[in-house]
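Structure record follows, encoded as structure tokens.
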Number of protein chains: 2
Amino acid sequence: MPRTEEQNQQIRDERREQILQAALKVFARKGMAAAKISDIAAEAGLSHGLVYHYFKSKEDIFVTLVKKALQGSSLVVQYAQQQEGSPLQKLRWMTHMILQHIAGEGAYLFLIMMQAFTSDAIPEEVKQMMDDGLAFSAIKATLPLIKAGQQTGEILQDDPEKLAVLYYSLIQGLAISKIQWKNCPLPDADMVLRLLKAKG
Amino acid sequence: MPRTEEQNQQIRDERREQILQAALKVFARKGMAAAKISDIAAEAGLSHGLVYHYFKSKEDIFVTLVKKALQGSSLVVQYAQQQEGSPLQKLRWMTHMILQHIAGEGAYLFLIMMQAFTSDAIPEEVKQMMDDGLAFSAIKATLPLIKAGQQTGEILQDDPEKLAVLYYSLIQGLAISKIQWKNCPLPDADMVLRLLKAKG
DNA sequence: GTCTATAAATCGATAGAC
DNA sequence: GTCTATCGATTTATAGAC
């Protein structure tokens with residue numbers, strides 16, 4: 001007997017997610033350009049033809065993943081700002097969330113974003129998305145927190161932009177380290193925030 | 001009248017360096033896989049045929065660059081250990097050197113090394129080189145310094161491996177940030193070392 | 001919905017003219 | 001020493017069978 005439309009829909013959703021999950025790993029490990037559609041298909045355990053049934057192109061898959069990463073990224077910053085407490089406490093909360101993310105599968109998403117940002121091999125549409133939605137939005141959203149923390153004296157008196165770069169560089173570097181080394185020991189939030197905290 | 005052998009040799013050296021310089025930029029911006037030999041040729045201002053006259057393959061160029069990066073990297077660590085002063089002073093000297101490097105064209109070399117480490121798209125031969133020669137050697141060379149610093153009380157009492165990861169993550173992240181943003185403000189050595197220093 | 005076979009395009013690498 | 005023309009292999013993307 002034939003499948004109902006609902007069952008079909010469920011299968012489609014599953015496959016789509018399955019492909020995205022596989023693509024995330026492959027992209028992170030090989031880079032957008034080196035990743036072959038057949039690699040993704042193999043990782044997902046299905047034929048390469050089927051991948052094209054669910055996504056228009058390799059680029060389409062990549063863009064979908066970047067959007068996903070952007071959403072998560074901007075959400076964390078948003079929540080952090082709504083958190084209770086001093087600027088430093090908000091930063092600590094955010095840092096904790098990010099580190100937790102990196103410890104899991106989230107490190108892959110960081111690498112994807114980095115690739116999208118660093119590499120000329122990435123289409124212009126995606127780069128545009130980055131400028132609007134993400135890392136800049138994230139780093140810019142952190143700036144107010146840093147400045148506020150400086151006013152309360154919790155955070156080091158120094159060029160806020162320099163501090164923000166320092167902070168995000170460390171986060172980015174940790175995500176990369178996590179991927180480079182199998183069981184790389186990750187620090188806790190306070191460890192990271194030593195970079196920003198005023199002596200006290 | 002014909003060129004002398006010396007003149008020819010000089011031309012060859014120039015071209016080789018010219019190609020390497022161009023390849024460094026292209027690889028760093030596009031990644032090893034996405035970088036086309038024609039991109040490198042264009043950046044160097046000569047035909048793609050000529051590139052193959054000077055290098056056996058694209059991989060050959062990449063390997064040459066990685067070796068160059070490795071040499072520089074291991075030299076810095078070596079010099080740092082020979083430096084006078086306390087462990088922390090040695091670390092400060094090394095950090096200063098690395099930051100200076102990143103501020104210049106050295107950031108590209110960092111990206112190349114990172115690619116060679118992170119990406120499965122890179123041939124096994126190169127990966128082997130990494131394990132022997134480099135980042136591990138660098139991070140392992142830093143461990144003794146950190147441990148010594150802990151004994152003198154200059155450095156935070158915590159898992160030395162965790163501290164080493166923290167340190168190199170930040171360095172790596174800064175190199176990336178430097179490439180991502182045109183005029184990204186870089187910190188000084190003491191800023192970076194706040195991560196490791198004991199409260200004082 | 002899923003697979004295999006195939007078309008079309010791209011790019012690394014070589015050969016040969018100048 | 002340098003360039004242009006070309007081969008061969010790989011890969012994206014599609015068409016059609018089941």
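In what follows, every chain begins at residue 1, and chains take the letters A, B, ... in the order their sequences are listed.
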Selection from [options] that lies nearest to any side-chain heavy atom of [X]:
X: K36(B); options: dT2(C), dC11(C), dT2(D); value: dC11(C)
X: K58(A); options: dT2(C), dA13(D), dC3(D); value: dA13(D)
X: H48(B); options: dC3(C), dG1(D), dT4(D); value: dT4(D)
X: Y52(B); options: dC3(D), dG1(C), dG12(C); value: dG12(C)
X: R15(B); options: dT2(D), dT12(D), dC3(C); value: dT2(D)
X: S57(B); options: dA13(C), dT4(D), dT12(D); value: dA13(C)
X: H53(B); options: dG1(D), dT12(D), dA13(C); value: dG1(D)

Separation of atom [atom1] in [X] from atom [atom2] in [N], rounded to whole Å:
X: I40(A); N: dT11(D); atom1: CD1; atom2: C1'; result: 12 Å
X: E6(B); N: dG1(D); atom1: CD; atom2: P; result: 14 Å
X: Y54(A); N: dT14(D); atom1: OH; atom2: P; result: 17 Å
X: R12(A); N: dG1(C); atom1: CZ; atom2: C1'; result: 9 Å
X: I11(A); N: dC3(C); atom1: CD1; atom2: C1'; result: 15 Å
X: E59(B); N: dT10(D); atom1: CD; atom2: C1'; result: 16 Å

(request) Specify the residue among Q9(B) and G49(A) whose closest nucleotide of DNA chain D lies further upstream toward the 5′ end. (result)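 Its nearest nucleotide lies further toward 5', so the answer is Q9(B).
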
(request) Output yes when E5(A) and R12(A) qualify as a salt bridge under the 4.0 Å nitrogen-oxygen rule, no when they do not. (result)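 Looking at R12(A) together with E5(A), the answer is yes, because their closest N to O distance falls below 4.0 Å.
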
(message) Quick one, L174(A) and F110(A) - any side-chain contact, counting heavy atoms below 4.5 Å?
(response)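 Side-chain contact under 4.5 Å: no.
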
Check [X] against [Y] and note the closest heavy-atom contact, atom names and distance.
X: M32(B); Y: K58(B); value: O-NZ, 3.2 Å
X: L170(B); Y: S169(A); value: CD1-CB, 4.1 Å
X: R194(B); Y: L196(A); value: NH2-C, 4.2 Å

Sugar-phosphate, base or nothing in reach of [X], heavy atoms under 4.0 Å:
X: F55(B); result: nothing
X: L50(B); result: base
X: A35(A); result: sugar-phosphate

